[in-house]
Amino acid sequence: MTEKIEELLRRVEEFKPQAAAEIEEFRIRMLGKKGELNALMEEFRTVAPELKRELGQQLNRLKTAATERIAALREQMQNTAEEHAASEEDLTRPGSADELGSRHPISLVKNQIVEVFSRLGYTVADGPEIEDDWHVFSALNFPPEHPARDMQDTFFVEKNPDILLRTHTSSIQVRTMERQKPPIRVICPGRVFRNEAISYRAHCIFHQIEGLYIDEGVSFADMKQSLLYFAKEIFGEEARIRMRPSYFPFTEPSAEVDVSCNLCGGKGCAVCKGTGWLEIMGCGMVDPNVLKANNIDPEIYSGFAFGMGIERIAMLKYGVKDLRLYFENDVRFLHQFDQAL
Ligand code: DAH
């Protein structure tokens with residue numbers, strides 16, 4: 001009998017249930033009416049009186065061990081069930097907060113430029129990135145042998161007829177003149193492509209903003225005043241501009257626009273290479289040939305156009321010296337613009 005009691009004690013200790021129902025089954029088998037313990041009690045009645053004391057104690061120990069073990073296992077099972085419910089099913093628990101993203105510096109600057117010109121009555125116009133020769137070159141008065149058409153600069157998608165990635169946003173000028181009669185006042189942000197080796201100061205993809213204003217009696221002075229307003233809005237009230245004669249096939253006369261260096265205030269520093277001026281865009285009066293090519297009468301209408309690189313403006317505003325940073329999308333770089341604008 002002692003052996004039997006000891007074996008049952010071992011079974012109590014080793015019992016490891018997977019589910020609550022197993023604990024109940026175990027209880028019935030051990031402590032139930034027809035269970036192991038009652039069977040032993042039956043046997044106990046028949047043992048010799050001198051063994052009763054010892055065996056009685058053993059039986060009590062077994063009963064206590066079984067009862068306690070069952071109670072402990074029940075509690076443990078209950079706790080794990082509660083934990084489960086809390087971790088997986090409590091829909092009232094607060095969610096984990098998502099981190100807010102930030103705008104890309106190119107988008108920030110683009111939006112700001114668009115906003116400045118929209119105050120002057122310009123609306124945003126768009127055009128395709130994959131273009132034909134007419135919209136990128138021919139309608140803009142590029143002579144057939146112009147080097148910009150060369151394979152060196154332009155990514156061609158197809159030859160004869162030429163389909164290519166636009167090399168400048170000036171193509172949107174042509175698209176707009178096709179759609180719209182003067183007065184025209186549009187600002188055209190977009191991505192452009194050139195076959196350039198990638199370095200800190202050049203990239204094969206970059207962004208430009210184009211402006212076009214055509215109406216009766218539009219003058220060079222109107223252009224200068226509009227661009228001065230733009231420079232002050234972007235670089236601060238102190239900003240001044242100067243214009244240097246230049247050449248573009250689609251404007252006559254043409255100019256490059258410099259803004260006074262916003263770092264040294266025009267005194268001369270490393271960024272402006274001691275000149276006090278920073279080049280920011282090209283501009284000019286729309287060439288009569290361009291108006292004619294787009295069915296606008298140059299005897300009645302005149303206009304001006306300008307174009308600038310958004311990366312260039314962003315570099316000057318934020319002091320970023322390596323163009324490639326704008327394309328790598330390293331979050332450590334981008335997070336620096338969280339609070340900008
Ligand atoms: N399209 C020129 C470029 O990519 C920029 C430009 C210069 C645009 C003069 C214009 C302009 O509209 O009038 O370099």
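Sequence positions, counted from 1, serve as the residue numbers for this chain. Whatever order the structure lists them in is the order used to number ligands and atoms, beginning at 1. Keep in mind the model is a prediction, meaning the values are calculated, not measured. Computed from heavy atoms alone, side chains included, the values below leave out hydrogens, waters and symmetry copies.
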[atom] [closest protein heavy-atom partner, distance rounded to 0.1 Å]:
{"atom": "atom 14 (O) of ligand 1", "value": "Arg194 NH2, 3.9 Å"}
{"atom": "atom 13 (O) of ligand 1", "value": "Ala305 O, 3.1 Å"}
{"atom": "atom 11 (C) of ligand 1", "value": "Phe250 CE1, 3.4 Å"}

Taking 4.0 Å as the limit for heavy-atom contacts, which would you say applies to [X] with ligand 1: side chain only, backbone only, both, or neither?
{"X": "Glu252", "answer": "neither"}
{"X": "Gln208", "answer": "side chain"}
{"X": "Phe306", "answer": "backbone"}
{"X": "Ser170", "answer": "side chain"}
{"X": "Glu210", "answer": "side chain"}

At what distance, to the nearest 0.5 angstrom, does CD1 of Ile310 lie from CE of Met315? 14.0 Å

With no hydrogens and no angle check, do the side chains of Gln58 and Glu54 hold a donor and an acceptor under 3.5 Å apart? yes

Taking Asp132 for its side chain and His135 for its backbone only, find out whether a donor-acceptor pair lies under 3.5 Å. yes

Can you name the closest pair of heavy atoms from Lys317 and Ile234 and give their distance? NZ-O, 3.2 Å

Report, in ascending order of atom number, the atoms of ligand 1 lying under 4.0 Å from any heavy atom of [X].
{"X": "Gln173", "result": "12 (O)"}
{"X": "Thr251", "result": "13 (O)"}
{"X": "Gly284", "result": "13 (O)"}

What do the steps show when you test His168 against Phe193 for ring pair (Phe, Tyr, Trp, His ring centres under 6.0 Å), and what is the final call? CA-CA 7 Å; His168 54 182; Phe193 307 85; over 10 Å; no

What orientation do Phe117 and Phe230 show, parallel under 30°, tilted 30 to 60°, or perpendicular over 60°? parallel

Mind checking whether Val290 and Leu140 have side chains closer than 4.5 Å, heavy atoms only? yes

Checking Lys321 against Tyr200: charged group under 6.0 Å from the ring centre and within 45 degrees of the axis? no

Note: heavy atom closest to atom 7 (C) of ligand 1, options Tyr247, Phe304, Phe206, Phe248, belongs to Phe248

